[in-house]
Amino acid sequence: MITPRTLKGFRDHLPAQALAREWVLDVARRVYRSYGFAPIDTPALEYLEILTGKGSDETDKQLYRFTDHGNRDVGMRFDLTVPFARFAAQHVGSLGLPFKRYHMATVWRGENTQRGRYREFMQCDFDTIGTTSPVSDLETVLVVHDLLVAIGIDRFTIRLNDRRTLTGILEQAGLAEKQTDVLRALDKLGKASSEAVGKELAGHGVAPEAIERLLAMASLAGPPQEVLKELETLVGESEIGKAGLAGLAKIVDGVASAGVPEGRVVLDPSIARGLDYYTGLVLESFLDELPSLGSICSGGRYDNLAGLYTKQPLPGVGASLGLDRLIAGLEELGRLPTAETPAEVFLVFFADEHLGDYLRIASALRSRGVAVEFYPEAKKLGVQLKLAAKRGHPVALILGSDEFAAGKAQLKRMASGESEELTWGGDASVLAEAVAAAVALVRSRT
RNA sequence: GUGGUUGUAGCUCAGUUGGUUAGAGCGCCGGUUUGUGGUACCGGAGGUCGCGGGUUCGAAUCCCGUCAGCCACCCCA
């Protein structure tokens with residue numbers, strides 16, 4: 001026998017989890033589309049040179065790569081941004097700009113696993129390219145906000161910052177050259193203590209006074225308007241720094257105009273994001289009840305998406321929802337739907353001689369968009385109801401020879417155990433209408 | 001990739017200084033006279049003690065390796 005097993009970091013998804021994932025994907029799709037983002041897809045495999053072009057050691061190490069049957073060096077995509085860059089460079093001509101797309105797909109990274117971190121996972125990206133307008137920055141924040149709301153999370157925080165502000169402040173502090181190291185260190189705030197971060201900064205040769213000022217800057221918090229004011233003094237006369245602040249101010253205003261409740265979107269000067277291709281807005285979002293999970297939706301603005309693949313400059317802004325991390329978080333908080341079935345109605349098979357009637361009823365329901373599970377054997381009622389309860393069908397429809405004779409049916413709500421008698425007089429479409437109406441009620445309540 | 005930690009029934013775990021047929025609760029299946037689940041009672045199935053090797057008269061228990069989970073570093077979704 002071969003031992004059935006899965007590779008480290010790769011998982012099977014049982015119905016309960018698969019249903020939850022599909023549900024989140026549906027929500028994301030709906031929100032992205034509501035802003036006009038169009039779907040695209042790209043291959044899982046790319047020429048190795050496409051993927052390694054960015055050339056950071058870190059991504060190279062994590063890349064799944066091999067030689068294909070035609071002796072080509074190929075790699076599996078480790079994110080959706082690089083394939084999108086290639087895609088954009090290849091198709092700009094026919095896309096028209098600005099172009100907005102969403103892409104929800106599996107990516108692979110051969111890194112070590114941890115809670116909510118796997119080697120195979122899904123990302124749900126959306127980006128707007130071909131414009132530098134701050135309106136697109138604002139829209140990006142709004143999409144993230146709407147998405148988290150639509151998923152049903154009521155307590156979350158979207159943290160914003162601007163790379164240009166950081167650059168400006170570092171300029172003023174005479175630390176422009178150490179930017180990468182400094183930002184990387186500051187990014188750890190929130191996870192690591194400020195002492196630890198201070199030590200790391202000292203290790204990079206940052207002067208004690210500068211460290212103090214950086215830590216003070218990074219720990220700024222409170223109403224966005226106040227944080228902006230504080231940052232203004234730190235930025236001083238730095239042009240780039242002022243530009244960053246202007247961008248943030250615009251977003252803060254816009255978010256309020258769009259009706260986002262206060263406190264959901266905040267400024268956090270410690271957010272830097274490790275990725276060096278961000279050049280303007282950077283954003284991360286956290287579940288308030290589970291901050292240790294890390295950011296579940298992150299993104300930002302970049303000057304040039306596809307510089308490696310085309311001479312045409314393609315500025316853009318976007319973000320990515322980490323589906324599997326979010327699912328892990330929702331599961332931990334007990335917020336995931338628990339049903340193991342997509343069928344709202346469980347149709348009990350009870351009177352063997354009425355098979356034809358059952359099939360007619362099931363078909364009438366399905367044509368009205370109601371999913372029906374028809375039990376395949378005329379077994380004891382108790383057995384069938386037990387299964388219906390375990391699977392989480394909200395409604396069971398019971399018809400035995402008595403009901404058929406009387407032209408009635410019993411609609412049982414599994415959650416409460418209450419039954420309701422329906423009259424249909426042998427007309428399947430009448431019964432289907434009544435059941436569909438009851439199911440619609442159940443749906444609207446969840 | 002580095003360091004730490006865990007691995008006994010479907011799930012949560014117990015298993016005494018290594019000693020014979022490895023246990024519990026929950027879950028699962030069947031039954032409690034033929035049409036109503038999540039409650040009660042009765043019965044039942046189910047375990048290569050993650051896997052491989054070693055030490056020993058004897059290993060779930062000690063040692064080594066390996067695979068997998070979790071945590072930290074790193075990086076990130």
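Protein chains get the first letters and strands the later ones, always in sequence-line order, with residue 1 at the start of each.
Taking the six-membered ring wherever Trp is involved, the centroid distance between the rings of A/Phe126 and A/Phe84 does not fall below 6.0 Å. Aromatic ring centres of A/Tyr358 and A/His354: separated by at least 6.0 Å.
Taking the P atoms as reference points, B/G50 lies 15 Å from B/C13, given to the whole Å. Distance check on atom P: B/U61 versus B/G53 gives 14 Å, rounded to whole Å. As rounded to the nearest Å, B/A45 and B/A24 have P atoms that lie 12 Å from one another. Taking atom P on both B/G3 and B/G65, the two are 12 Å apart, rounded to the nearest angstrom. Taking atom C1' in both B/G52 and B/A40, one finds a spacing of 48 Å when rounded to whole Å. Using P as the reference atom, B/G47 and B/U36 are 34 Å apart when rounded to the nearest Å. Atom P of B/G58 sits at a distance of 43 Å from the matching atom of B/C29, rounded to the whole Å. Nucleotides B/G15 and B/U20, compared at atom C1', are 16 Å apart to the nearest Å.
Counting heavy-atom neighbours within 6.0 Å of A/Phe66 CZ, excluding the residue itself, gives a total above 12. Applying the 6.0 Å contact sphere to CD of A/Glu420 captures more than 12 heavy atoms from other residues, nucleotides or ligands.
Considering only side-chain N and O atoms, A/Gln114 lies under 4.0 angstrom from the phosphate OP1 or OP2 of B/A72. Contact check, A/Arg109 against B/A77: no side-chain N or O comes under 4.0 Å of OP1 or OP2.
Pair assignment for B/C57 gives B/G19, based on Watson-Crick or G-U wobble hydrogen-bonding distances that are each under 3.5 Å. Of all nucleotides present, only B/U32 satisfies the Watson-Crick or G-U wobble test against B/A40, with each distance under 3.5 Å. Base pairing of B/G1: its partner is B/C73, meeting the Watson-Crick or G-U wobble criterion (both donor-acceptor distances under 3.5 Å). The base-pairing partner of B/G27, taking Watson-Crick or G-U wobble contacts with both distances under 3.5 Å, does not exist among the strands shown. Pair assignment for B/A68 gives B/U6, based on Watson-Crick or G-U wobble hydrogen-bonding distances that are each under 3.5 Å. In this entry B/A14 has no Watson-Crick or G-U wobble partner, no candidate having both defining distances under 3.5 Å. Pair assignment for B/G47: none, as no Watson-Crick or G-U wobble contacts are both less than 3.5 Å.
Nucleic acid contact for A/Asp324: none, since no nucleic acid atom lies under 4.0 Å from a heavy atom of the residue. Across all strands shown, A/Gly116 has heavy atoms under 4.0 Å from base atoms, whether or not it also approaches the sugar-phosphate. Residue A/Gly9 is classed as a sugar-phosphate contact, given heavy-atom separations below 4.0 Å to backbone atoms only.
A/Lys100 contributes a side-chain N or O that, together with a main-chain N or O of A/Tyr35, makes up a donor-acceptor pair within less than 3.5 Å.
Comparing B/G69, B/G1, B/C75 by their nearest atom to the side chain of A/Glu111 picks out B/C75.
In this structure, A/Arg115 and A/Gly322 both approach RNA chain B, and ranking their closest nucleotides by distance from the 5' end singles out A/Arg115.
Between A/Leu321 and A/Tyr102, every side-chain heavy-atom pair lies at or beyond the 4.5 Å cut-off.
In this structure, CG of A/Leu7 is placed 21 Å from P of B/G50, rounded to the nearest angstrom.
None of A/Ile169, A/Thr165, A/Leu220 except one satisfies the side-chain contact (heavy atoms from CB on, under 4.5 Å) rule with A/Pro269; the exception is A/Leu220.
A/Tyr278 and A/Asn161 share no donor-acceptor pair across their side chains, judged by distance under 3.5 Å alone.
In this structure, A/Phe99 and A/Phe87 have parallel ring planes: the angle between them is below the 30° cut-off, well short of the 60° mark.
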Contact string for nucleotides 33-38 of chain B, one letter per nucleotide 5' to 3', B = base within protein heavy-atom range under 4.0 Å, S = sugar-phosphate only, - = neither, reads --BBBB
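Below the 3.5 angstrom threshold, one finds a donor paired with an acceptor across the side chain of A/Arg325 and the base of B/C76.
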